[in-house]
Amino acid sequence: MSRRSSIQLTPDERREFLAAAKTIILSTIDSNGYPHSVAMWYVMDGEECLMTTYAKSQKAVNIRRNPKVALLVESGVTYDTLRGVLIRGTARLESEIDLCLAVLTQVHAKMHGSQPAGLEDALRQQARKRVVIRVTPVRVSSWDHGKLGGVY
């Protein structure tokens with residue numbers, strides 16, 4: 001087994017890691033060809049990553065121009081605890097209010113747990129101005145330095 005493949009997360013480990021992480025870094029390409037990277041709250045829908053943004057945001061403008069994006073989730077503070085998933089994929093913007101409300105609700109539940117009274121009305125108002133970013137993976141890389149067994 002090669003050293004590279006020995007540290008990859010298994011598909012189940014990758015799903016668990018992505019489901020548990022709170023923030024993902026979304027990188028789009030700006031009009032000058034430079035990466036535009038921002039932290040986003042998100043949920044997974046199978047292998048696809050869903051998040052919302054304002055329809056007029058820079059990231060939405062960038063995706064309309066070029067749908068190629070990268071997503072990064074990482075953790076760890078010492079070399080032997082570094083773990084991560086890098087997804088290179090294609091993004092599409094979806095503007096259906098009910099879908100946006102569903103994603104906002106799922107993200108809120110993931111981040112905060114409980115759903116206070118009146119939350120759905122507040123999220124529905126937000127959904128009117130937002131779009132869903134749906135990222136379909138093209139290539140996924142992952143790593144878990146803990147699998148090196150102390151050999152770096």
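Because the structure is a prediction, the values reported are computed rather than measured.
- The distance from atom CD of Gln126 to atom CD1 of Ile97, rounded to the nearest 0.5 Å, is 13.0 Å.
- For the atom pair CG (Leu50) and CD (Gln106), the distance works out to 7.0 Å, reported to the nearest 0.5 Å.
- With 3.5 Å as the limit, one finds no donor-acceptor pair spanning the side chains of Thr10 and Asp12.
- One N or O on the side chain of Asp144 and one on the backbone of Gly146 form a donor-acceptor pair closer than 3.5 Å.
- Annotation: side chain of Leu93 is in contact with side chain of Arg64 (closest heavy-atom distance under 4.5 Å).
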Let me see the working for Val103 and Met51 under side-chain contact (heavy atoms from CB on, under 4.5 Å), right down to the final yes or no. CA-CA 7 Å; Val103 173; Met51 59 202 84; 5.7 Å; no
Would Val69 and Leu26 count as a side-chain contact (heavy atoms from CB on, under 4.5 Å) here? Give the steps. CA-CA 7 Å; Val69 300; Leu26 167 67; 4.0 Å; yes
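- Across Trp143 and Leu9, no two heavy atoms sit closer than the pair O-CG, 4.0 Å.
- When all heavy atoms of Ser31 and Arg65 are compared, the pair lying nearest together is N-NH1, 3.3 Å.
- Summarising the local packing, NZ of Lys129 is surrounded by 12 or fewer heavy atoms from other residues, nucleotides or ligands at distances under 6.0 Å.
- Classification of Arg124 and Asp98 as a salt-bridged pair holds, one side-chain N sitting under 4.0 Å from a carboxylate O.
- Surrounding CD of Glu120 are at most 12 heavy atoms belonging to other residues, nucleotides or ligands under 6.0 Å away.
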Check step by step if side-chain contact (heavy atoms from CB on, under 4.5 Å) holds for Arg88 and Leu71. CA-CA 6 Å; Arg88 294 167 198 89; Leu71 300 170; over 6 Å; no
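- Separating the OG atom in Ser142 from the CD atom in Glu74 is a distance of 14.0 Å, to the nearest 0.5 Å.
- Annotation: the span from Ser75 atom OG to Leu82 atom CG amounts to 8.0 Å, rounded to 0.5 Å.
- Between Glu47 atom CD and Ile87 atom CD1 the span is 8.0 Å, to the nearest 0.5 Å.
- Nearest heavy-atom pair across Ile25 and Ser37 is CG2-CB, 3.9 Å.
- Note on Met40 and Val43: separate hydrophobic clusters, where clusters join Ile, Leu, Val, Met, Phe, Trp and Tyr whose side-chain heavy atoms are under 4.5 Å apart, directly or indirectly.
- Under the 4.5 Å side-chain criterion, counting only non-hydrogen atoms from C-beta, Phe17 is in contact with Arg83.
- Using a 4.0 Å cut-off between a side-chain N of Lys or Arg and a carboxylate O of Asp or Glu, Arg134 and Asp45 qualify as a salt bridge.
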What do the steps show when you test Lys22 against Met111 for side-chain contact (heavy atoms from CB on, under 4.5 Å), and what is the final call? CA-CA 7 Å; Lys22 301 287 188 179; Met111 299 306 291; 3.7 Å; yes
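- Just one of Thr136, Val135, Ile133, Val132 meets the side chain to side chain contact (heavy atoms under 4.5 Å, CB included) condition when paired with Arg92; it is Thr136.
- Taking the six-membered ring where the residue is Trp, Tyr79 and His145 present tilted rings, their angle falling between 30° and 60°.
- Scanning both residues, Leu104 and Leu123, for their nearest heavy atoms gives CD1-O, 3.6 Å.
- Between Leu18 and Lys110 the shortest heavy-atom distance is O-NZ, 3.8 Å.
- Between the CG atom of Asn62 and the OG1 atom of Thr28 there is a distance of 3.5 Å, given to the nearest 0.5 Å.
- In summary, Glu13 and Lys147 engage in a salt bridge, as defined by a charged side-chain N under 4.0 Å from a carboxylate O.
- Residues Val85 and Val140 are in side-chain contact: their nearest non-hydrogen atoms beyond the backbone lie under 4.5 Å apart.
- Within the 3.5 Å criterion, the main-chain N or O of Thr53 finds no donor-acceptor partner in the side chain of Lys59.
- Judged by distance alone, the side chain of Lys68 and the main-chain N or O of Ile29 form no donor-acceptor pair under 3.5 Å.
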